[in-house]
Amino acid sequence: MTRATTRTAPGATPRRYLMCEPTFYTVSYEINPWMDRSRATDTQRAVDQWRRLRDVYLELGHTVDTIEPLAGLPDMVYAANGATVRGGVVYSARFRHPERQPEGPAYEKWFADHGFVTHTADEINEGEGDMLLVGDVLLAGCGFRTDRAAHAEAGRVLDVEVVGLELVDPHYYHLDTALAVLSSDPADPQVAYYPPAFSDASRAELERRFPDAVLATTTDAAGLGLNAVSDGENVVVAPAAVDLAEQLRLRGYRPVPVDTTELLKGGGGAKCCTLEIRSA
Ligand code: ARG
């Protein structure tokens, strides 16, 4: 679905990320369609892929903080779910599934210990997995994990306009599996998304707000290619997302392929492993 376009990437800006090494990674329960307990996981391979991802961020000039992994929380590697941070203010996560619930307080404690103002959520929300800042708005997913009531709570706590988006395909259960923020520049916000993952009304909303968005193909989506991390120029993306990479190049972005296939067994990719700490 390649379209000619004159738009170009706004340029890289240095980021600060929080990550959690997958020391205790495995698939011991199933809370999304990618997870299959009968399929073996290789923790060392997950650690190696995670370290490569961290090193790529460092090579790109970003800062990476790490949180201590906790035994018994195999999904803690998916740091994006840990909170949503804007202007140094932290809106904590409150997980839907009991298996992940202890992660919310663990991430909130990390932020409190590092001098951030934190707000404990009353409503169920899975952090940046479902809340993506694009320019001046917070795109907020619902349908599988985050409750709609959390959208309003996030808007209040983070002092931002919220646009709710409904997810309809269980494979794309978090917003960050169906939509990638390419540019968060308020003057030129840009996203890529997979249209079939959204309800008709949400698709219409995305078309209206982002008429020039990159539309991902089924191939891109199936390898969780939309679970990508952009710094405004470099886009860390699953190597399987070949159509997306081509479209990114056409718009002046630089795709940086990083293999996260071991972590895909838990239903996550690069973005899931990366929580952006925004001080502004
Ligand atoms: N196994 C985890 C879950 O189902 C994967 C989370 C992926 N994280 C994300 N930001 N999409 O909750």
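Remember, it's a predicted structure, so these values are computed and weren't measured experimentally. No hydrogens, no waters, no symmetry mates; every other heavy atom, side chains included, goes into these values. Both counts, for ligands and for their atoms, begin at 1 and track the order of listing.
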### Task
Could you tell me which atoms of ligand 1, counted from 1 in the order shown, lie closer than 4.0 angstrom to a heavy atom of I31?
3 (C), 4 (O), 12 (O)
### Task
Working to the nearest 0.5 Å, report the span between OH of Y194 and OG1 of T219.
9.0 Å
### Query
With atoms numbered from 1 as shown, which atoms in ligand 1 lie under 4.0 angstrom from a non-hydrogen atom of D176?
9 (C), 10 (N), 11 (N)
### Summary
Ranking E99, R100, E30, K265 by closest non-hydrogen atom to atom 12 (O) of ligand 1, top hit is R100
### Query
Taking atom types as modelled and ignoring hydrogens, do the side chains of N125 and R94 form a donor-acceptor contact shorter than 3.5 angstrom?
no
### Query
What part of Y173 sits under 4.0 Å from ligand 1 if we count only heavy atoms: the side chain, the backbone, both or neither?
side chain
### Close-contact set for ligand 1 against G267 heavy atoms, below 4.0 Å
7 (C)
### Query
Where on K271 is there a heavy atom closer than 4.0 Å to ligand 1, on the side chain, on the backbone, on both, or on neither?
neither
### Residue list, salt bridge (Lys or Arg N to Asp or Glu O under 4.0 Å) with R39, at least two apart or on another chain
none
### Task
Look only at interatomic distance and state if G266 has a nitrogen or oxygen under 3.5 Å from any nitrogen or oxygen of ligand 1.
yes
### Query
If two hydrophobic side chains count as joined below 4.5 Å and joins carry through other members, does L18 share a cluster with L70?
yes
### Task
Would you check the N or O atoms of T177, main chain and side chain alike, for any that come under 3.5 Å of an N or O of ligand 1?
no
### Close N or O approach (N32, ligand 1; < 3.5 Å)
yes
### Query
Picking from E68, R51, M76, what satisfies side chain to side chain contact (heavy atoms under 4.5 Å, CB included) with E21?
R51
### Task
Check ligand 1 against G129 and write out every atom of the ligand that is under 4.0 Å from a heavy-atom position of the residue.
10 (N)
### Message
Quick check on contacts: which atoms of ligand 1 are under 4.0 angstrom from a heavy atom of M35?
### Response
1 (N)
### Query
Can you check whether D75 has an N/O within less than 3.5 Å of an N/O in ligand 1?
yes
### With T84, the side chain to side chain contact (heavy atoms under 4.5 Å, CB included) member among V89, D130, L158, L132
L158
### Task
Determine, using heavy atoms of F95 and all atoms of ligand 1, whether some pair is separated by less than 4.0 Å.
no
### Task
Please indicate whether any nitrogen or oxygen in H174 is less than 3.5 Å from any nitrogen or oxygen in ligand 1.
yes
### Query
Is R145 touching ligand 1 with its side chain, its backbone, both, or neither, if touching means heavy atoms under 4.0 Å apart?
side chain
### Query
Going by distance alone, is a donor N or O of one side chain under 3.5 Å from an acceptor N or O of the other, for E126 and T146?
no
## Note on the structure
With sequence neighbours left out, the residues meeting side-chain hydrogen bond (donor to acceptor under 3.5 Å, both in side chains) with E128 are K271, R278
### Query
D259 and T261: side-chain donor and acceptor closer than 3.5 Å?
yes
### Query
Which residue and non-hydrogen atom of the protein lie closest to atom 9 (C) of ligand 1, and at what distance in Å?
C272 SG, 2.7 Å
### Message
Check for me whether the distance between the ring centres of Y173 and F144 falls short of 6.0 Å.
### Response
no
